[in-house]
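Input: a single structure, listed below in structure tokens.
Being a predicted model, the structure only gives us computed values, none of them experimental.
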Amino acid sequence: MGSTPYGVVHFFPGGTKEQYDVSVAAVHPADGSLPEGQIFHAGGASAGGWTIMAVHDSKESWEKFRDDTLLPRLKEGIEGGFTTPPEETTIDLYKVMP
């Protein structure tokens, strides 16, 4: 990788597995692959809600996905998906191990 990997953690207070499944299906490719530039994705229940962790190959690829895909779909509303905006933490990653 020529650029610095970029990590994003989203916490959805009160979020559920069902909301996660619907939301991911609305913003990820239909074939189940990762969006362009995303190299890792994980989601799971956490205290008080649902947490998603993603790693992109660069901050720029994260911003492209966020601005061109994620935010427009969230603003439209995803029926059955998360009902509140996420609490976001971003990380300029030092190391990503396979």
More than 12 heavy atoms of other residues, nucleotides or ligands under 6.0 Å from CD of Glu63: yes or no? yes
Side-chain donor or acceptor of Ser33 paired with backbone N/O of Pro29 under 3.5 Å: no
Shortest non-hydrogen pair, Val27 vs Pro35, comes out as O-CG, 4.3 Å
For atom CD of Glu79, decide whether the heavy atoms of other residues, nucleotides or ligands shown that lie under 6.0 angstrom number more than 12. no
Take His28 and Leu34 through the test side-chain contact (heavy atoms from CB on, under 4.5 Å) and record every step on the way to the result. CA-CA 6 Å; His28 278 216; Leu34 294 175; 4.1 Å; yes
Hey, are the side chains of His41 and Ile52 touching, using non-hydrogen atoms and a 4.5 Å cut-off? yes
For Leu71, enumerate each residue passing the side-chain contact (heavy atoms from CB on, under 4.5 Å) test, keeping only those at least two apart in sequence or located in another chain. Arg66, Asp67
Do Leu70 and Val8 belong to the same hydrophobic cluster, where Ile, Leu, Val, Met, Phe, Trp and Tyr are linked whenever their side-chain heavy atoms lie under 4.5 Å apart, directly or via other members? yes
Using only atom types and a distance under 3.5 Å, with no angle test, would you say the side chain of Ser61 pairs donor to acceptor with the backbone of His56? no
Under 4.5 Å between side-chain heavy atoms, hopping through other hydrophobics if needed: is there a path connecting Phe65 to Val24? no
Are His10 and Trp62 close enough that their ring centers fall under 6.0 Å? yes
Going by heavy atoms in the side chains, are Pro5 and Asp57 under 4.5 Å from each other? no
Taking the side chain from Gln19 and the backbone from Thr16, do they hold a donor-acceptor pair closer than 3.5 Å? yes
Please find the pair of heavy atoms, one from Ser23 and one from Gly81, that lie closest to each other, and give the distance. OG-CA, 3.3 Å
Stepwise side-chain contact (heavy atoms from CB on, under 4.5 Å) test for Lys64 and Glu60: CA-CA 6 Å; Lys64 181 174 177 17; Glu60 292 73 26; over 6 Å; no
Hey, does Gln38 have a side-chain heavy atom less than 4.5 Å from the side chain of Val55? no
Give me the atom names and distance for the closest heavy-atom approach of Phe11 to Ser46. CE1-OG, 3.5 Å
side-chain contact (heavy atoms from CB on, under 4.5 Å) evaluation trace for Ile78 with Arg73: CA-CA 7 Å; Ile78 299 170; Arg73 287 297 286 124; 4.0 Å; yes
Check the pair Leu93 / Tyr6 against side-chain contact (heavy atoms from CB on, under 4.5 Å), numbers first and verdict last. CA-CA 6 Å; Leu93 296 171; Tyr6 196 72; 5.9 Å; no
Centres of the Phe12 and Trp50 rings: under 6.0 Å? no
